[in-house]
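In what follows, a structure is listed as structure tokens, so that the remarks can point back to it.
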Protein chains: 2
Amino acid sequence: MTPASATTDPAAGPRALAHPALAEIRIEGVLHALADPVRLRIVRQLADTTDHLACSTFDLPVSKSTTTHHFRVLRESGVIHQTYRGTAKVSGLRTEDLDALFPGLLATVLAASDRQAERLAAGLPTPG
Amino acid sequence: MTPASATTDPAAGPRALAHPALAEIRIEGVLHALADPVRLRIVRQLADTTDHLACSTFDLPVSKSTTTHHFRVLRESGVIHQTYRGTAKVSGLRTEDLDALFPGLLATVLAASDRQAERLAAGLPTPG
DNA sequence: CTCATTGTACGAGAGCCGTCGTATTTCGGG
DNA sequence: CCCGAAATACGACGGCTCTCGTACAATGAG
């Protein structure tokens, strides 16, 4: 709980973001958040790295407003954590929190998503 | 009718029900189906037994029409299998199919749901 | 300070979703 | 054959969601 980063502290600046506590995270909300294709894509990209990524680094097929909306749904459901860093807002998966509440859920969903992506990629490009 | 082939046997009878084939099941659809509290409750009850259960054996806080709707969502997303048995319609989880597509997904979600149920049951009855 | 970058707020619209009540269908039993 | 039980079909309604565009706020660089 030691505030390491000096530039942006979640609870210090005026641009603080509301995150649900562990006890407030619901499995229905998490599943609903992961059920959207755009959001699942975001989560998969976040899982590819251990770093926190800015929203602008995501190449999504929706507008900027819609991107904000999806990130908020992910944050308010407890799937991701967001922090301001300058004008950017970096996001990262709440892997530890989710694993503490629902062990293996995130990994299993990610594995299922990867599996489906491979399955669809193998079936679509060669229809003949 | 259904555009693509299904896993249902062709000579099942006049009241045959359309089920998605393995290749048609999508992780987004499964997650969306499981994200509803009523449907998750149905799935949890189905997981408690190996038998197939009639819709009337479920004690749900919704009307009969809504119950039919939820069972259809579960069936069309590939989560459950339904068959007519007289006037009743029995349902069972497509455990093997789901495990073949998304290994461990169903079990992990069910475990997460059980965990949350215990957590909420332990916190609510003693508010003061 | 000025400006470009980044993301938010707000309002709006289209569509889906969960819910219901009522009428209808299908089947087994008397 | 007629009736009751089980479930569906259909229409409807309210609410939420996904989407967008435009206007606005916050921050770092020059």
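Here the structure is a predicted model, which is why all the values come from computation and not from measurement.
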Let me confirm one number: the CD-CD distance from B/E76 to B/Q82, rounded to the nearest 0.5 Å. 9.5 Å

Quickly work out the B/F71 CZ to D/dA9 C1' distance and round it to whole Å. 18 Å

Would you classify B/Y84 as touching base, sugar-phosphate or nothing, given that sugar-phosphate means primed atoms plus P, OP1 and OP2, and contacts are heavy atoms under 4.0 Å? sugar-phosphate

What is the distance from atom CG of A/L106 to atom CG of A/L110, rounded to the nearest 0.5 Å? 4.5 Å

Can you tell me which nucleotide in C/dC20, D/dA6, D/dT19 comes closest to the side chain of A/V62? D/dT19

Output the rounded distance in Å from CZ (B/F58) to P (D/dA6). 14 Å

At under 4.0 Å between heavy atoms, what does A/H69 touch on the DNA or RNA strands: base, sugar-phosphate, or nothing? base

Contact under 4.0 Å: B/T87 side-chain N or O vs C/dT26 OP1/OP2: no

If I take atom NZ in residue A/K89 and atom C1' in nucleotide C/dT5, what distance separates them, rounded to the nearest angstrom? 15 Å

Whole-Å distance between C/dG7 P and A/R75 CZ? 13 Å

In this structure, how many angstroms lie between the C1' atom of C/dG7 and the CZ atom of A/R85, rounded? 16 Å

Considering non-hydrogen atoms only, spot the tightest contact between A/S77 and A/A33 and give its length. OG-CB, 3.3 Å

Please determine whether a side-chain nitrogen or oxygen atom of A/H70 lies at a distance below 4.0 Å from atom OP1 or OP2 of D/dT17. no

Would you say B/S63 places a side-chain N or O within less than 4.0 Å of OP1 or OP2 belonging to C/dC20? yes

Other residues, nucleotides and ligands only: do more than 12 of their heavy atoms fall within 6.0 Å of CG on A/D48? yes

Is there side-chain contact between B/I42 and B/H70, with at least one heavy-atom pair below 4.5 Å? yes

Give each protein N/O atom lying under 3.5 Å from an N/O atom of nucleotides 9-11 of chain C, with the pair distance.
unit_1	atom_1	unit_2	atom_2	d
C/dA9	OP2	A/R72	NH1	3.4
C/dA9	N6	A/S65	OG	3.2

In numerical order, the residues of residues 31-56 of chain B whose heavy atoms come under 4.0 Å of DNA chain D are B/A54, B/C55, B/S56

Contact check, side chains of B/L17 and B/T83, non-hydrogen atoms, under 4.5 Å: no

Distance, rounded to the nearest Å, where B/L60 contributes CG and D/dA7 contributes P: 11 Å

Minimum heavy-atom distance between B/D59 and B/R41, given as atom pair plus value: O-NH2, 2.9 Å

Would you give the length of the straight line joining atom CG of B/L60 to atom CD of B/Q45, rounded to the nearest 0.5 angstrom? 7.0 Å

Can you figure out which of C/dG21, D/dT27, D/dA7 approaches the side chain of B/K64 most closely? D/dA7

Atom CD1 of A/I80 and atom P of C/dG7 are separated, to the nearest Å, by 12 Å

With nearest nucleotide decided by heavy atoms, which residue, A/P61 or B/A88, maps closer to the 5′ end of DNA chain D? B/A88

Over 60° means perpendicular and under 30° means parallel, so tell me whether A/F58 and A/F71 are parallel, tilted or perpendicular. perpendicular

A/L17 atom CG is separated from C/dG7 atom C1', nearest whole Å, by 11 Å

Are the side chains of A/Q116 and B/F102 in touch, meaning some heavy atoms are under 4.5 Å apart? yes

